[in-house]
Structures are given as structure tokens and as C-alpha cells.
4 protein chains.
Amino acid sequence: MSDNVADDVRGRAREAIRRSGLSQRQFAARLGIDPTKLSKSLTGTRRFTALELAGIADETGVTVNWLLNGRDDAETVSAAPRDSSAVRPPPASLADHPGAAREHNRKLQIIEAAWTLIAEHGYHSVRVAQVARACGTSSATVHYHFPTLEHLLVEALRHSVKQAFDRQVAGLHTVGDPYERLLRLIELQLPGSDRLRLEWSIWLQVWTAAALNPEMRELHAASYRRWHETIARTLREGKESGVFGDFDVEEMTRRLTALIDGLGIQVMTGMPGRSVDHMRDTLRSVIDRDVLGH
Amino acid sequence: MSDNVADDVRGRAREAIRRSGLSQRQFAARLGIDPTKLSKSLTGTRRFTALELAGIADETGVTVNWLLNGRDDAETVSAAPRDSSAVRPPPASLADHPGAAREHNRKLQIIEAAWTLIAEHGYHSVRVAQVARACGTSSATVHYHFPTLEHLLVEALRHSVKQAFDRQVAGLHTVGDPYERLLRLIELQLPGSDRLRLEWSIWLQVWTAAALNPEMRELHAASYRRWHETIARTLREGKESGVFGDFDVEEMTRRLTALIDGLGIQVMTGMPGRSVDHMRDTLRSVIDRDVLGH
Amino acid sequence: MSDNVADDVRGRAREAIRRSGLSQRQFAARLGIDPTKLSKSLTGTRRFTALELAGIADETGVTVNWLLNGRDDAETVSAAPRDSSAVRPPPASLADHPGAAREHNRKLQIIEAAWTLIAEHGYHSVRVAQVARACGTSSATVHYHFPTLEHLLVEALRHSVKQAFDRQVAGLHTVGDPYERLLRLIELQLPGSDRLRLEWSIWLQVWTAAALNPEMRELHAASYRRWHETIARTLREGKESGVFGDFDVEEMTRRLTALIDGLGIQVMTGMPGRSVDHMRDTLRSVIDRDVLGH
Amino acid sequence: MSDNVADDVRGRAREAIRRSGLSQRQFAARLGIDPTKLSKSLTGTRRFTALELAGIADETGVTVNWLLNGRDDAETVSAAPRDSSAVRPPPASLADHPGAAREHNRKLQIIEAAWTLIAEHGYHSVRVAQVARACGTSSATVHYHFPTLEHLLVEALRHSVKQAFDRQVAGLHTVGDPYERLLRLIELQLPGSDRLRLEWSIWLQVWTAAALNPEMRELHAASYRRWHETIARTLREGKESGVFGDFDVEEMTRRLTALIDGLGIQVMTGMPGRSVDHMRDTLRSVIDRDVLGH
DNA sequence: TATGAATGAGGATTCATTCAT
DNA sequence: AATGAATGAATCCTCATTCAT
């Protein structure tokens, strides 16, 4: 990746932070990183970590894809969103008039509180008052930003999708080798951390919702397609570059994603003998045998 | 299978039907089969089909395992329930005073109505009034039989487990060859029919519930263990008899169940390119390659 | 009116009271009359007053028309309802199983509380909790009987119509002379008593609602037609019998009703110089001049 | 009416338009008339029509009475307002610093939006946000101009009264003959046009409000008195000049206003057989018979 | 002058559950 | 065994109003 590209990333990051209306110091605090590090990264002395990229995207409402490539729809390691409905409006539109950043943040805060509550207690157990309390505000305020609880919850689900995507783009864009990338991809998806367990919780719920409600299938399909494509692209690259064996990429993708989902369920439901480590081992062994062809 | 065994099955079937308080004619009608066929099966001229066995178990409140083996905890093709909480009370206890059958039936009717509603609309969307309406009765009546909505719903989930198990026992007890049995097992689990799609819907919901709520893990674990054991037993038999290749049975079971679950999700959520046929093909190909060792 | 007719009225009154599930003593108490008087009227020693007839109709859910004529749709002094939607179900259907009377009464109680509140505070200011409080019950109970506040309010309006009609039939059925009947009719409609002021309040509101909302026109039209017909019938009889002068009955009806309404508004809005007495005088003078032709 | 008077009208019109801060061209556009016509009327070549007078009054916040007579309280064809509360502040006060006109206009715009919404949806259904939307502004802005929704609504009602009065003064000031004026008066009040139907809708609502709420009676009485006086004055003039027959003016006024109101209700509630034409015919026939004495 | 954000005070409705019959 | 009536306890949503900017 050339220096020019890195330059651009810095420029866009600076731009996004500027639009947020926060100072660098404040912004660093919000990301939970050292202000010096942020400063260095913005001037070019230091690279952004994947986590920082995802954080900047999250806080400013842009995508990591845009930070890295200047476009939301760039197809790199992962599939771009097929339609705009699945992601937030393009970055240029927000801010420019004061207050927009604040507004965006309050909205984001509510969405994230809702997201966490869904993940922890389940979609149907989330109460408006709970979300409000988690944000230190009132139910009416939640309704000021979202017409309906359902709107909020769906928005929270969308947000979840965006976040997972951002995390992948941020975490994978520097990994060139397909095999490494595949392992990294899996590592990024394993329900190991609290955060990732919450994301898996959301996934399970989206599956259930999609099975019951045709309307939810759309949301599910849009996000699942990305995940599918991220895997498929890597498999294809590995196959074409000869790193991987010969196989039907689509079919292998279906098997791998199914296996990941199925193992994830076993971990999430606390089945005896199914741990994250076991999940990792199983997937590696399957990849080594069926993908690499060893 | 010797005639003696068949004799016993007939005897227990006759016994169970007698306890139901219905005439053979009525009972046949309820099963949706020809009275003549039922009569022949009960006198020995004809064998019960798997469907009929499951139906008799369902209607009379006994397990297929009991019908076939005289005991609920017989370990045959599948694992027996580890504790009594996972299944209905033993068959001997019910019905001895008149009306018990009717009561049992009303209760069963409510459970099945609840079950269907859960499967169709989702656990959290089931209302007592809805269940009552589906049964042509009142909310108060539902509460007469079940102290709490939650009790009813959990009971409905248990019922689901029992049914799946019965279906497996009934469908597999005649299949001797491990490979055939494995394929049959998968066939019995594919979300092909309406009924099975409903059962899958329930599964997805139980997974979600178990991921969110530790209490639900118990129910999930109990039923999943059976399913796991049913697969494992077959794999073990095939491995020991040399029909299958050499592999770690537990690990292979984990992989297979994970794959089945993952593929099931893809079908249930209506992912493009994931059909029941694709699911069957994928599983067969994996079995042929990894289990048979071809 | 022959004794036979009076016999029948007594019979039907006895029947209606019997169905209410209350004893004669209780019923008399509810009507607010002396039990002895009720008893005498039921045995034929005494005639029912108009007020009593209306009360019996109100409490038992039948119409005065039915009490007097055995049919709801009898056309006597007033027009019968054109469609069943405007009145309560036929008398035979209710009661017969115990509790029906009680239920009917609770429902009626709620309707009347709502009616009074509408009349006093206005349709849009009536709160479910208010109605509940007025009935000494809970909001949930109100909703048990009426799905929606709006349903309740519309029902209350219908009830108002029925009551006015009952009062007219009860008050006019003995008055044979058209002129006397016309004066009586007006007297029955004058906003003199508290009760009648409340009824006028409701009328004003129905007019407003009908002007704003096409759906309300139906309700208004149904009830206004009766009122119109009650006047028209009397005018027609008077004209045909030569008591009145010669005029276009329909046109005169329109003028009279319009004048009554307009004068009623002036009284109700407390215009200086517009009292009930003035209203009576004006109407009498118009009738004497334009209807009698003096 | 002498030229001097006409001169004065022109002068005051010019004055009022000047204060509005708009150019003649702009003002004409706002009135929806040809700028040439406005110009001619302002220079004396042409007379203002009644519509134009009312429009000028409306747009500039003065009364037609002031335009015609230089005083708000001139008693001409109609009664003057008894207290200042019933009309806008005197014209001299407003506009002197730039922007006052604009402010006045924004306020007027809000009032008229509120007025229309009341007329169309009913007093109790008007929401601040609705008014704001209709004005292309925000709820907060509405509250900047009016402390309370109720204040705004009451203001809108006052505005309604002023408008009706203006229209009458403008429409009647040239009609000398009492009979003609009476017919004209009725014509001006018939719910024939959209605008007039809206005004009637407001009337009905004011009646209802006045019947329910003593506070509203004041507003109602003030405006009704004018209407009463407008009729009474004309009747008196006609009686004194011998054009009309002999009658009690007050009593005849009461009857006529009551009849108009009652007929208006019948039209507004969409009663079958009650049209605007029927209303006109009925009123003419009553006037011919009872007022003219034919 | 204008307004985006926020919110307190309702207010209708839902629904599991109880209980007398 | 069954149920009609009743209700407490949520819970979502509305909306006028405030206030900092």
C-alpha cells in the first residue's frame, strides 16, 4: 500500500474528526486511546490500528471502507453494500452545520444502548424506558429520535451489520495472504470477546427473526451476503493464486459459513465440549484439509 | 426383529389406545388412517408404519420407545432422556379414572396449539388468548391447565423435543445399516415439510433463548444431547462395523451436527442458493467423503 | 287504547323485568319508584307513566316501542329505526343464562357514565380513567367491555339516540290530538331540565362531529331522521284531520326542526334574551301562526 | 357616498399597504388581483370591490370598518365590537420599524393555518406540529409567537369573527335598500363556498364550546351580538322606512338568526333534502312572508 | 426571529392472571 | 372442568412546552 494511500486515509480521518465537532483530544478520549497516538497517526508518524479505524468510523458515522478507499462502495476484502438502505447515508452529507455532530452522537448513543440491550436481553425484552435509562435520558427523547421502538431496534440491527463489516475491513485490509486472511477472518468472527458474544447473540436473533418474518429476511440477506462474499473473495483469491486447492468456491463458501454458524451456535448455547478454542481448531482443521487440500 | 417383540408392540399399542378412552374407530380417525389398517396392525396382520407409531405415541402420551421396547429409557437408536423432566410422566400413571383421557387431550390440545403458535409467530409473540382461541376455549381455561404462560410454553418446547425423538425412534428402529440410518436420520431432520419447518423454527428459537438465558440451556442441552447421541451412536456403529472410515466419533459428531444446524439456518432464513435439496446434497457429500472415507 | 293492549304492555314489562334477573323490589329501587306502584302497574291496577316506561326500557335494554307494541319497528308516533345498527339487539336474545343481566348492566353503567361525561365535558375531553372512576372500576374493565375509547363513545351516542326516542314514544303514545302532541313533543325537547340540557349538549357535539367527519353523518342522519319523522307524522295527521292548516309537510318539518335547533343553540350558548321560556313562546307562536294557520 | 369619503378610503388603503412593507405589485399579487386594478383603485380611477376591501383588511391587519370610516367602532351596517378584546389592536400601532410587517405576517400566517386546521379537523384535533408544518416552520416558532396552543386557537377564533365582520361590512356598505341588504346578508352567510363552509364549521364548534365552557360564551356572545345587530339594524331600518312590515325587531331577529343557524346545521351535517339552495329559498320565503309582510 | 433537542405529564391499550361461580 | 368478569402492572406513544443557541 503506497504512501499516497496512507496519506489519503489520514486526510479522510482528519476530515471525519473535524466534522464530528470534537477536538482531537476529546475524540481520542472517546475512542479510548492516547491523544498522542491519535495525533501521530493523523500526521503520518504512526499507522492507525484496525481497532482505531473501526472506532473512528463508528464515532463519525462513516465506513471504514470510505476511510480507506474514499468510497463506501469500494470492493476490497469484502463485498460492498448492494443498496444504500443497509448503511448510513454517505459521509459528506452530515455535519457542516453545528449541532449535527451532537445530534448524530445522541442518536448513535441510543442505537448502541439498544444494540447492547438486544444482545443481552433479547429483541423482545428491550423496553424504551430501559434504553432511555441506559442513555441517561427520557423515553420521550428516545421517541424524539426514533418514531417507534421497532424503528429503533431495526436501526440497531443495521448498525450491528455496519460495525461487523467495518471491523472486517479494518482488520483485513493489510493482510495480503489469502490463507492468513481466512484465518484472520475466522479469528475476527469467533465469539471470544464479550463484544463478539454480543454480536453472535444478535446474529442468532436475526436468524430467528428472519425465519419467522419475511420482512426481516431482507435485512438478514443483505448482511449475510457481505459475509458470504468476504469469505468467497478470499477463497477465490487463494484458489487463483494457487495457495488453495481446487474446489467450487461458492459451495465451499456455503459449507464454511454453515459450519461457522453451526459451531457458533454450539458455543453460544453452552454445549458441553464446544468452546471457542474447539471452534477454532475445528475450523482450522477443516480449512487445512478441505481448503488448502493438505 | 422377532415376532415376540412385535407381539409386545401390538400389546402396548392396544393398551395405550384402550387408555385413551377412544374406540379403535375413533382413534384411527384421529390418526387420520383407515380403521381397517389400525385393526390389522393391532391384531398382527400388518406392521405399524413409523408415522403411525409416532401418532399413537403423540395421541396417547407415551413414547415410541415405550411402544417399541416397553421402557422409556431404552437405549436403541437414540439416547434415552437423562432425566424425567424432559419427557411426559410415565404412561402407567395416566388414565385410570374416566375423563383422564379427555383431560389429557385438552391439555395436549393446548400444548400443541401453543407449539404451533410459537413456531409460527415466535415465542414472545404467543398470547394466552391466542392459544385459547386456537383451542376454541377461554384464557381462563388455559390457565386452569397451566399455572403460567411460561409453564405452558416450556411444556410446548418439551413436547417438541419428545415429538422429534419419537419420530426418530419410529423412523429408525428398522434401519439396520449405519450408512442408511445416517442418511435416514438426516432425511428425517431436513426442513422439507411444513411440520419440519415449524420444528426448525422452534429450534432456532431455543438456540436464541439458550444463548440469552442460562436457564434455557438446560432444556436445550437435554434435547441436544439426544440428537448428538443419536448421530454419535450411528457413527460409532458404522465405525466399529467397518462400514465407516476411522475418525474421532465425538469430533465428527460435533462437525456434522454443526453443519446440519448451519445449513438449516441458511435454509430457514431463505438465503439464496440454499435449498433443502442443496442441504441434502451437501450433507451427503460430506458424509461420503469424511465419514465413509471415500 | 283497549285493555288488551294494556294487558300486553304489562306482560312485556313483566317479561323484561324477569329477564333482568332482578326482583320487583330491586327493580323498583333501580327505577327510583315506589315498589307498590310498580307492582300495581304490573298487575293492571295502575298505568305506567311515560317516565317509568322509559326507565324500564333503559334498564332492560328493550325499546319503549317494543314494550308498547311488541315490536321494535312499530311505526306509531315516531319513525322506527331504519337499520338494526342504530339500536341494541332484539330483546329476546339477552339474558336466559345467569349473569347476562349483570353484564348488561355493567356495560350500560359504563355507557351512561361515558354519556354524562361527554355531555358535561365534551367528547374530546372524556378519558377512559374518568369513565372508570365514575363507575367505581378500573380502566382495564372499561376496555374489557369496549375495545376502544372511541367504540365506547360512539356507543354512548347511540344510547343517547335510543333514550331520546324512548322518551318520545313513552311520552307521546297517549296523546291523540296532533296539536297537543306537537306541543308535547316540543316540551319534551326543550333544554329545561338538567337531563335535557345534557342531551342538547350531546346534540351540539354530534352536529359538530358530523360536519367534520363524514362517518359521523351516518349516526347523525339515522337519529335525525327519526326526529324529523316524529314531527312530520304529527304534522301530517294534523293536516289530514283538518286540525292544522294546509302546508307542505316536509317543508314545514324542515323549518320547524331548523327553528328548534337554532333556538336550542341560542339557549345552550347562553345568549342574552334566549331562555327556555322564550324558546317555548317562540315555537308556540310560530306553530299557532304557521301550522294552525291562525 | 361622497367622493370625500372615497378619497379617505383610498388614503387609508394606501396607508395600510405602505405599512405592510410590500410594494403595490407584491401586495396585488398577494391579494390575487391585477396590479393595474389595485393601482387604479388607489388613485381613484376605480372602486375597490368588497372582496378587495376584505383582502386589504385581512392582509394588513386593519378592519374594513376602519378602511371605510377611519374608525374601528363606527356603527354602520353592523355593530361595532363592544370591547377591544374582540379585535386586533388598533392599526396605528403596528409597523413603524421595518420587519414589523413581516412579523405580523408570520403571526397571521400561523393564525390562518390554525384557523383552517380547526375548521377542517376540529378544535381538539389541532396539533402545534400540524400548524407549524402548514407554515413550513417549527413547533418552537409557533410557540415563539403564541405562548400556548390555546392562545393561538382562541386568536384564530377571533380572527374568524373579524373576517366575517369585515366581509359583511365590505359587502354591505354600498347596499342601501334594507330588503336587498337583508338578502345580501344571507347570501354572504350561506355555506356555499369552501371558505364559508369552513366558517360554518368554526361556528358549530364555537357553539359546542360555548355550551360546554362558560368561558367560551364570552367570545361567542361578543361575535354573535354583532351578527345579531347586523340583522337587527337592517330590520329596523326596513321597518322604519316602511319597506318591511310591522314586527318586534328583536323577536324577529331572534327568529331569523335561529332559523339561519338551524338551517345551516342541516346543510353542514349533510341532511338529505337540505341544500344551500333549499336554505336560501326557505329564508327568502320566510322573509317575504314574515318580514316584508306579504 | 427562529429552532433543534429535550422532556414531563399524561393517556390509551395490552395482557397475564385471579376469582367467584 | 370451565369460564366470564375483572384488574394491576406495565408499556408505548403523544404532545405541549421549555430552553440553549
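Chain naming here is simple, since letters A, B, ... match the order of the sequence lines and numbering starts at 1 in each.
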Worksheet item: Whole-Å distance between dA12(E) P and His151(C) NE2?
Response: 15 Å
Practice prompt. Report yes or no: do Arg133(D) and Gln130(D) form a side-chain donor-acceptor pair below 3.5 Å?
Written response: no
Worksheet item: Quick one: is dA2(F) close enough that its OP1 or OP2 comes under 4.0 Å of any side-chain N or O from His143(B)?
Response: no
Practice prompt. For the residue pair Thr116(B) and Glu112(B), confirm or rule out a side-chain donor-acceptor distance under 3.5 Å.
Written response: no
Discussion item. By nearest heavy atom, map Val128(A) and Thr148(D) onto DNA chain F; which one lands nearer the 5' end?
Written reply: Val128(A)
Discussion item. Between Tyr144(B) and dA1(F), is there a contact of a side-chain N or O with OP1 or OP2 at under 4.0 Å?
Written reply: yes
Fill in: Heavy-atom donor-acceptor pair, Ser23(B) side chain to Gln26(B) backbone, under 3.5 Å
yes
Worksheet item: DNA chain E: Ser139(B) or Gly136(A), which has the more 5' nearest nucleotide?
Response: Gly136(A)
Worksheet item: Thr137(B) side chain N/O closer than 4.0 Å to the phosphate oxygens (OP1, OP2) of dT3(F)?
Response: yes
Worksheet item: Between Thr141(B) and dT3(F), is there a side-chain N or O to OP1/OP2 distance below 4.0 Å?
Response: yes
Worksheet item: How many Å lie between NE2 on His145(A) and P on dC13(F), as a whole number?
Response: 16 Å
Discussion item. Can you measure Gln130(A) atom CD to dA10(F) atom P for me and round it to whole angstrom units?
Written reply: 13 Å
Worksheet item: Roughly how many Å is it from CZ in Arg133(D) to P in dT3(E), rounded to a whole number?
Response: 15 Å
Practice prompt. Using modelled atom types only, decide if a donor and an acceptor are shared between the side chain of Gln205(A) and the backbone of Thr208(B) within a distance under 3.5 Å.
Written response: no
Worksheet item: In whole angstroms, how far is the P atom of dA16(E) from the CD1 atom of Ile110(B)?
Response: 14 Å
Response to the item:
Atom CG of Leu149(B) and atom P of dT18(E) are separated, to the nearest Å, by 12 Å
Worksheet item: Is a side-chain N or O of Thr148(D) found less than 3.5 angstrom from the main chain of His151(D), in a donor-acceptor match?
Response: no
Item to complete: Give a yes/no answer on whether the side chain of Arg127(D) brings an N or O atom under 4.0 Å of OP1 or OP2 in dT14(F).
Response: no
Discussion item. Please name the nucleotide paired to dA16(E) by Watson-Crick or G-U wobble geometry with both distances under 3.5 Å, or report none.
Written reply: dT7(F)
Response to the item:
Per nearest nucleotide of DNA chain E, the residue lying toward the 5' end, Glu150(C) or Ala140(A), is Ala140(A)
Fill in: Nearest-Å distance for atom pair OH/C1', residues Tyr123(D) and dA16(F)
13 Å
Item to complete: For Phe146(D) and dA2(E), give me the distance from atom CZ to atom P, rounded to whole Å.
Response: 12 Å
Worksheet, complete the sentence: Checking dT17(F), dA6(E), dG8(F) against the side chain of Arg106(A) (C-beta onward), the nearest is dA6(E)
